[in-house]
Amino acid sequence: MGILRVDQVELKGKRVFIRVDFNVPLNAQNEITDDTRIVLSLPTVRFVSGAGGKVILASHLGRPKGKKEPKYSLSPVAERLSKLLEKRVALAPDCIGEEVRNRIEGMKEGEILFLENLRFHPEEEKNEESFSKALASLCEVYVNDAFGAAHRAHASTVGMTRYIQTVSAGFLMMKEVESLQKALANPQKPYVGILGGAKVSDKIGVIQNLLDKVTTLLVGGGMAYTFLKAKGFEVGKSLVEGDQIELSLHLLERAKGKIKFLLPFDHVIAERMDLQAKRGIVSNEHIPGDWVCLDIGPETVRIFSEEILSARTIFWNGPMGVFEMEPFSQGTFAVAKAVARSSAFSIVGGGDSVAAVNQAGVADKIGHISTGGGASLEFIEGKVLPGIEALRKDG
Ligand code: AMP
């Protein structure tokens, strides 16, 4: 694809900037709840270090909105990384500036320096030129292993590549692109798409694209309620995007006679989104006006699982319910297990679905776990990802 892989470039003695996506989920105590993204970039980090490169690692974490907020420090990630690599990884106080420059100056071959959150600088997301140049000046070789950030044209994913001679893709980036391409170019049928998560509006593009590709589309999670409302069901206090109802209806129309477009048939409901709230299970026709639907019900799990088990290709993005809360997690875990049991080539993307697959203990039974939620969706939509394009030097 006209992109150099990291093992095709000269690394020994070079200052090598590796853009990783270590934007991992953290709980209220700032503990990492899923380290998949770190683990999957280890081969690239180890390779560059082993080849005698001076490794400069850079990532974003959360949305600090351009301010230096301790809550978004990469220090828990540095700690986990040290543990995984079984060697101390130092965290720099910033990602640019005098001190960072001095620390890099003193690095030996194979050493690793982890830069502080790129998004502490508003210029990162603005892809600002002087910031891009400042990042580029830190290194001689650029490696992008951050597939999860490839759909963003930021300074560290696009801007800085203009000022570096040697740019390349890490092993994870390469694997992501090749796996997604494989599934998309010529998917074996039946092809089942599973979409969940909070909002229809986030996933319009992918729904439209999947309508032309899949055999069956299974929709669960919060986004299902806009569709159910569009079909005329009372959905109580469930998540509904009023301004998407018309479009949802249009999508359902487009799907008619073309593909199977399945919405939930029953639901786990609660008086409110709270662990202590009263709960129940109801079918579409009996959702009480003042309750909220927080997971797909057992009948839906059964029907969705049947479809999943007969698939030969599966793409899944987004949880089937508020799976972070145990009483509303069963639907998502059941789907994770069904995907694992199916003999289809499966791709699971998006932080929540990946976490569900890990928590269900079935990650090793998935064809490809994509570290990029938004990026894998945009890839599936057929969009050009700027972070990948930037790696194509001289066409
Ligand atoms: P997304 O980032 O769009 O994939 O959305 C993930 C979020 O959707 C998770 O935090 C879930 O808790 C949330 N979610 C899933 N199902 C529901 C639901 N029925 N009601 C409200 N939120 C939901």
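Predicted model only: the values in this text are computed from it and were never measured. Along the sequence shown, residues carry numbers from 1. First listed ligand is number 1; within each ligand, the first listed atom is number 1.
- No side-chain donor-acceptor contact under 3.5 Å links Arg341 and Ser305.
- Taking a cut-off of under 4.0 Å to the non-hydrogen atoms of Asp352, the atoms of ligand 1 that pass are 6 (C), 7 (C), 9 (C).
- Atoms CZ and CD, from Arg119 and Glu69 in turn, are 13.5 Å apart once rounded to the nearest 0.5 Å.
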Check the pair His267 / Tyr225 against ring pair (Phe, Tyr, Trp, His ring centres under 6.0 Å), numbers first and verdict last. CA-CA 11 Å; His267 316 267; Tyr225 298 97; 5.3 Å; yes
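- Ranking protein heavy atoms by distance to atom 17 (C) of ligand 1, first place goes to Gly222 N, 3.2 Å.
- When only modelled atom types and interatomic distance are considered, Thr33 and Glu31 share no side-chain donor-acceptor pair under 3.5 Å.
- Of all protein heavy atoms, the one lying nearest to atom 9 (C) of ligand 1 is Glu324 OE2, 3.2 Å.
- Ligand 1 has no N or O atom lying under 3.5 Å from any N or O atom of Asp295, backbone or side chain.
- Between Ala198 and ligand 1, at least one N/O pair is under 3.5 Å apart.
- Atom numbering of ligand 1 starts at 1 in the shown order; those under 4.0 Å from a heavy atom of Gly197 are 1 (P), 3 (O), 4 (O), 5 (O), 6 (C), 8 (O).
- Counting only heavy atoms of the protein, atom 19 (N) of ligand 1 lies nearest to Cys293 O, 3.1 Å.
- Arg101 has no carboxylate O lying under 4.0 Å from a charged side-chain N of Asp94, or vice versa, which leaves the two without a salt bridge.
- Assignment of Phe328 to the shell around ligand 1 is not supported, since no heavy atom sits closer than 4.0 Å.
- Here the protein heavy atom with the shortest distance to atom 21 (C) of ligand 1 is Val322 CG2, 3.8 Å.
- Summarising the geometry of Ala390 relative to Thr157, their closest heavy-atom pair is CB-O, 3.9 Å, with the distance given to 0.1 Å.
- Among the candidates Asp21, Thr36, Asp145, the single residue satisfying the side chain to side chain donor-acceptor pair (under 3.5 Å) test with Ser41 is Asp145.
- Note on Glu253 versus Lys256: salt bridge recorded, some NZ/NE/NH1/NH2 to OD/OE distance being below 4.0 Å.
- Between Glu140 and Arg15 there is a salt bridge, with a side-chain nitrogen of the basic residue lying less than 4.0 Å from a carboxylate oxygen of the acidic one.
- Looking at Met223 against ligand 1, nothing comes within 4.0 Å, counting heavy atoms.
- When the heavy-atom distances from atom 14 (N) of ligand 1 to Ser238, Gly221, Ala355, Gly321 are ranked, the shortest goes to Gly321.
- Residue contact check for ligand 1: Lys203 places a non-hydrogen atom closer than 4.0 Å to it.
- For ligand 1, the atoms lying closer than 4.0 Å to a non-hydrogen atom of Tyr225 are 19 (N).
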